[in-house]
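What you are looking at is a predicted structure, and each value in this text was computed from that prediction instead of being measured. First the proteins, then the strands, lettered A, B, ... as listed; each starts at 1.
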Amino acid sequence: MTTLETFTPEAMTDSKAAPISERGPARTEVVVGFGFWLFLLSDIVIFATFFAAYAVLSGNTAGGPSGAQLFDRWRVLIETACLLASSFTCGLFSMAIQRRSFAGAFLGAVVTFLLGGAFIALEVSEFARMIETGAGPTRSAFLSAFFALVGAHGLHVTLGLVWLLTMIAQIATLGFRPMVVRRLFCFSLFWHALDIVWIGVFTIVYLGAR
Amino acid sequence: MNELPHARATQDLAPGEEQGGRESLARYLTGLGFAIVLTLASFWAAQTEFVWPPSVPILLAVLAIGQMGVHLVFFLQISSAPDQTNNFLALAFGVFVVALVVFGSMIIMANLNANMMPSPMPMG
């Protein structure tokens, strides 16, 4: 009886009952969350290589247009506002998931999706206008680095939107199963991390251009 | 029962794991407020005549790093608490690699540019 009791979850969490090496595996949420956190950090290292390339090449315009001539700061401010607001609504979305509220979760997901979609629409129209005026990625090393960095971020946001649609479908069909809640949790980490990368993009690429 | 908070603190938390209803709404709102102020300050600093121009890039860097910190603390809920040691160490390693890649590339390329032979006239 006493040996059985020492293996109940309550006894396992008691720090005096077991040293850290004997406390058993962590909760699934912690394992999944930490693994996804490591993925996000490695993704940020990939972004760092694009940032390094941009920082090195941003002056090499090869006689083409420079950043100061191409970028529209008002558009960037609106893009930033969209992404920041969507990061906030993503926080409300995960709070609704914690409460297991279907209405709140759907509302949060839809608003997050619309704000993210508005961001992508603004960015695609900016790219289209630049390519139209002859400032495409083939024009100069600066523009190659620009399209690689900002395009990589835009691609991540687009994949995030696809993921969000998938998660809305999974909430609708599977409900708040532990598996679905863990995926939603990873999605919110991903979305917040993309917003952090965007801070670097708008500071270095758009505001740094002079 | 008395030992519960202490026992809980020795368990790991996943990054961004929620603690409770009202508290996290206040946290997200605080983060949003800080983020808006820092973003507007960045855009203002980039075009103002008010600040000594050579110091503007440093001001922008400080504002950006501050805003990244706000996002990490208030949105991703990363802290240096004992239940987050793994998350924090992984983050520190990530920041270290990012800094090595970015600043290493910049220093090496600036050094190579400075040591370039004066370029010859183009043939033709």
Side-chain angles (χ1 to χ4, degrees), chain A residues 10 12-17 20 23 26-27 29-34 36-38 40-42 44-45 47-49 51-53 55-57 73 76-77 80-81 84-85 87-88 90-92 94-95 97-99 182 185 188-189 191-193 195-196 199-200 202-204 206-210, chain B residues 3-4 6-18 20-21 24-25 27-29 31-32 35-36 38-40 42-43 45-47 53 56-57 60-61 63-65 67-68 71-72 74-76 78 86-87 90-91 93-95 97-106 108-110:
Chain A
E10 288 76 21
M12 298 281 274
T13 56
D14 189 347
S15 58
K16 280 178 186 157
I20 198 159
R23 214 168 285 150
R27 288 177 293 127
E29 287 77 16
V30 172
V31 175
V32 170
F34 184 64
F36 197 73
W37 181 234
L38 291 184
L40 285 177
L41 289 168
S42 64
I44 285 174
V45 170
F47 273 112
T49 61
F51 273 114
V56 166
L57 297 173
R73 289 221 174 121
V76 179
L77 186 59
T80 307
L84 179 59
S87 209
F88 177 69
C90 182
L92 300 183
S94 41
M95 278 173 59
I97 295 160
Q98 291 297 312
R99 292 197 312 271
R182 283 200 298 271
F185 174 66
S188 74
L189 288 181
W191 203 250
H192 291 315
D195 205 15
I196 292 181
I199 297 169
F202 82 70
T203 303
I204 292 171
Y206 291 105
L207 300 183
R210 41 183 58 241
Chain B
E3 286 168 358
L4 205 59
H6 175 63
R8 201 192 149 89
T10 57
Q11 289 289 299
D12 283 338
L13 270 181
E17 202 163 14
E18 299 278 341
S24 36
L25 179 62
R27 186 189 296 234
Y28 283 123
L29 280 172
L32 182 69
I36 289 173
L38 287 166
T39 301
L40 291 178
S42 289
F43 277 82
Q47 57 179 17
V56 167
L60 285 175
L63 288 169
I65 291 168
Q67 196 178 344
M68 286 175 184
H71 279 248
L72 280 174
F74 291 100
F75 291 161
L76 282 169
I78 297 294
N86 291 333
N87 305 335
L91 174 68
F93 180 66
V95 170
V97 174
V98 167
L100 274 187
V101 168
V102 173
F103 293 113
S105 304
M106 287 170 75
I108 289 169
M109 293 310 289

Would you compute the distance between atom CD1 of Ile199(A) and atom CD1 of Ile65(B) and round it to the nearest 0.5 angstrom? 11.0 Å
Heavy-atom distance under 4.5 Å to chain A: side chain of Leu38(B), backbone, both or neither? neither
Measure distances from Leu38(A) to the heavy atoms of chain B and classify the residue's part below 4.5 Å as side chain, backbone, both or neither. side chain
Quick check for you: among Val32(A), Asp195(A), Ile204(A), which has the greatest number of heavy-atom pairs under 4.5 Å with chain B? Asp195(A)
Quick check: Phe43(B) with Phe202(A) (ring centres under 6.0 Å apart)? yes
Whatever's closer than 4.5 Å to a heavy atom in chain A on Val101(B) counts as both
Within this structure, what is the OG-OH distance for the pair Ser42(B) and Tyr206(A), rounded to the nearest 0.5 Å? 15.0 Å
Between the CZ atom in Arg73(A) and the CD atom in Gln47(B), the distance rounded to the nearest 0.5 Å is 6.5 Å
Mind checking the CG-CE spacing from Leu25(B) to Met95(A)? Nearest 0.5 Å is all I need. 4.5 Å
For Thr80(A), is it the side chain, the backbone, both or neither that has a heavy atom under 4.5 Å from a heavy atom of chain B? side chain
Greatest number of non-hydrogen atom pairs under 4.5 angstrom with chain A, of Ser105(B), Pro15(B), Gly94(B), falls to Pro15(B)
Under a 3.5 Å threshold, yes or no: a donor from one side chain and an acceptor from the other, between Gln67(B) and Thr39(B)? yes
Quick one: which of Val76(A), Leu77(A), Thr203(A) has the most heavy-atom pairs under 4.5 Å with chain B, could you say? Leu77(A)
Find the distance between CG (Leu13(B)) and CD (Glu29(A)) and round it off to the nearest 0.5 Å. 11.0 Å
Check whether Ile108(B) gets within reach of chain A through its side chain, its backbone, both or neither, counting any heavy atom under 4.5 Å. neither
Give, as side chain, backbone, both or neither, the part of Met68(B) having an atom under 4.5 angstrom from any heavy atom of chain A. both
Would you call Phe75(B) and Tyr28(B) a side-chain contact if the rule is heavy atoms closer than 4.5 Å? yes
With chain A as the partner, which of Val102(B), Val98(B), Val97(B), Asn87(B) has the greatest number of non-hydrogen pairs under 4.5 Å? Asn87(B)
Select one option (side chain, backbone, both, neither) describing which atoms of Ile78(B) are under 4.5 Å from chain A's heavy atoms. side chain
Chain A heavy atoms under 4.5 Å from Ile36(B): which part of the residue, side chain, backbone, both or neither? both
